[in-house]
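Reviewing the structure listed below.
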Amino acid sequence: MEFSAQQIAHFLHGTVEGDPEVKVSSFSKIEEGKPGTLTFLANLKYAHHLYDTEASIVLVNNDFKPEQPVRATLVRVENAYASLAMLLNLVERSKKQRKGIDPSAFIAASATVGDDCYVGNLAYIGEGARIGKNCMIYPFAYIGDNVTVGDHTICYPHVTIYENCAVGERCILHAGCVIGADGFGFAPEGETYKKIPQLGNVIIEDDVEIGANTTIDRAVMDSTVIRKGVKLDNLVQIAHNVEVGENTVMAAQVGIAGSVKIGKHCMFGGQAGLAGHIRVTDHVVFGAQAGVISDVKEPATLLGAPAINAKNFMRSSAIFNRLPDIYRTIGQMQREIEQLKNELHKQ
């Protein structure tokens with residue numbers, strides 16, 4: 001399927017700078033652009049690639065000013081990265097959707113599956129489960145007893161949803177993610193540990209995306225809750241009784257301990273970790289490997305372990321590199337002070 005620069009600009013509410021009739025049929029990275037492809041420039045770090053890319057069309061922000069002649073046709077838009085996402089979604093929606101129930105899939109007699117769903121080879125849907133319309137349940141997915149899955153949700157291969165959990169509409173659960181496994185609850189009993197039954201569930205609201213092999217534990221009581229619009233990368237761990245606020249995003253290997261409450265629109269870099277039972281307000285940014293051990297009551301950008309304000313962290317990092325010299329200087333100063341004291345005592 002081909003689209004001209006003019007058609008793309010019309011769809012994105014942008015403007016064309018160059019040949020409006022040039023056509024593309026695929027996408028490419030700007031540094032590896034090929035004729036007949038569309039690419040984008042959102043980060044100015046890559047701007048130098050614009051002048052020699054062979055891509056036919058480049059999405060750029062409205063305020064971008066080239067420093068050299070550009071061979072490619074430019075489509076100027078408000079936000080090049082967001083516009084690229086819109087085009088990719090358009091292509092994704094145009095793909096032929098799978099339909100029908102494979103004969104090898106198991107669907108319990110008391111389960112219900114909505115219209116126009118796909119249930120793949122050897123998928124399992126348990127007693128009392130309710131699957132909405134236009135869902136896609138890929139091969140080997142496990143949907144436990146009394147689970148609800150909202151309309152237009154996708155469960156990729158080997159997704160596991162334990163009993164009594166609920167997943168909203170338009171969610172995407174990637175391969176191998178586990179929803180509703182037991183939380184890590186054990187009570188010391190002498191020299192051993194006694195398991196604490198985890199009797200709650202997990203509630204995932206609408207428009208949530210969960211990465212491959214991410215795990216979200218069921219609550220001890222009540223629910224672990226992932227609010228609408230949350231995006232979790234691969235290998236994220238969400239412990240029991242956690243609540244993640246709307247439109248919060250987490251990169252790979254983030255770990256959230258039990259009973260943490262996270263506000264809206266927070267951002268977590270890779271391998272950030274939160275200790276149990278803390279509260280995080282809205283609009284907080286945690287850098288990669290940030291370690292958080294206490295409540296965060298105001299919007300901030302935090303780095304380091306234990307995490308501190310980003311500016312203070314950068315200042316501290318600069319000092320850290322100089323610590324050996326500072327240590328030697330302090331040692332020399334201490335020796336000089338002792339010498340001065342001794343000389344004063346002799347007088």
Side-chain angles (χ1 to χ4, degrees), residues 29-31 40-47 79-82 84-85 88 172-179 183-184 204 207-217 224-227 229-324:
K29 296 191 292 186
I30 193 168
E31 64 269 31
F40 75 107
L41 175 63
N43 188 333
L44 293 180
K45 182 172 69 174
Y46 296 92
N79 184 318
Y81 193 55
L84 177 72
L88 292 171
I172 301 173
L173 279 61
H174 286 281
C177 75
V178 179
I179 311 301
F184 192 69
I204 297 172
D207 301 302
V208 170
E209 184 160 352
I210 298 172
N213 294 322
T214 283
T215 56
I216 303 175
D217 293 344
T224 301
V225 182
I226 310 298
R227 298 293 182 192
V230 167
K231 314 298 180 188
L232 306 179
D233 198 358
N234 305 330
L235 298 167
V236 170
Q237 158 64 12
I238 306 292
H240 56 198
N241 291 94
V242 167
E243 180 176 336
V244 180
E246 295 177 11
N247 299 307
T248 284
V249 295
M250 298 183 185
Q253 299 184 5
V254 166
I256 309 298
S259 299
V260 169
K261 306 300 180 187
I262 298 169
K264 304 174 184 178
H265 301 282
C266 293
M267 301 176 67
F268 290 74
Q271 296 186 337
L274 270 62
H277 303 275
I278 67 175
R279 301 292 184 269
V280 175
T281 191
D282 303 339
H283 300 284
V284 178
V285 177
F286 300 95
Q289 295 189 328
V292 186
I293 58 175
S294 59
D295 291 352
V296 182
K297 299 178 180 179
E298 297 180 358
T301 298
L302 303 178
L303 300 173
I308 58 175
N309 178 275
K311 290 183 178 179
N312 289 338
F313 177 83
M314 299 304 291
R315 294 191 187 102
S316 299
S317 295
I319 294 172
F320 181 81
N321 291 332
R322 296 165 51 206
L323 280 179

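Not measured: the values here are computed from a predicted model.
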Ring geometry between His283 and His265 (parallel below 30°, tilted from 30 to 60°, perpendicular above 60°):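 The arrangement is parallel - the two ring planes meet at less than 30°.
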Can you confirm whether Lys261 is buried at NZ, in the sense that more than 12 heavy atoms of other residues, nucleotides or ligands lie under 6.0 Å from that atom?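 Counting neighbours around NZ of Lys261, more than 12 heavy atoms of other residues, nucleotides or ligands fall under 6.0 Å, so yes.
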Heavy-atom closest pair, residues [X] and [Y]:
X: Phe313; Y: Gly304; answer: CE1-CA, 3.4 Å
X: Ile293; Y: Pro306; answer: CD1-CB, 3.9 Å
X: Met250; Y: Ile238; answer: SD-CD1, 3.9 Å
X: Thr214; Y: Leu235; answer: OG1-N, 3.1 Å
X: Ala251; Y: Gly269; answer: CB-C, 3.9 Å
X: Ala257; Y: Ala275; answer: CB-C, 3.7 Å

Gap between atom [atom2] of [Y] and atom [atom1] of [X] - 0.5 Å precision:
X: Leu232; Y: His174; atom1: CG; atom2: NE2; value: 10.5 Å
X: Ile256; Y: Ile216; atom1: CD1; atom2: CD1; value: 11.0 Å
X: Glu246; Y: Asp282; atom1: CD; atom2: CG; value: 9.0 Å

Taking the side chain as every heavy atom from C-beta outward, state whether [X] and [Y] have any pair of such atoms under 4.5 Å apart.
X: Met314; Y: Leu303; result: yes
X: Ile210; Y: Ile204; result: yes
X: Phe268; Y: Leu274; result: yes
X: Thr281; Y: Pro299; result: yes

Closer than 3.5 angstrom, by distance alone: can the side chain of [X] be matched with the main-chain N or O of [Y] as a donor-acceptor pair?
X: Ser294; Y: Ile278; answer: no
X: Lys231; Y: Gly211; answer: no
X: Asn309; Y: Lys311; answer: yes
X: Asp233; Y: Ala252; answer: yes

Partners meeting side-chain hydrogen bond (donor to acceptor under 3.5 Å, both in side chains) with Gln237 (sequence neighbours left out):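 Checked Gln237 against side-chain hydrogen bond (donor to acceptor under 3.5 Å, both in side chains); matches are Thr215, Asp217.
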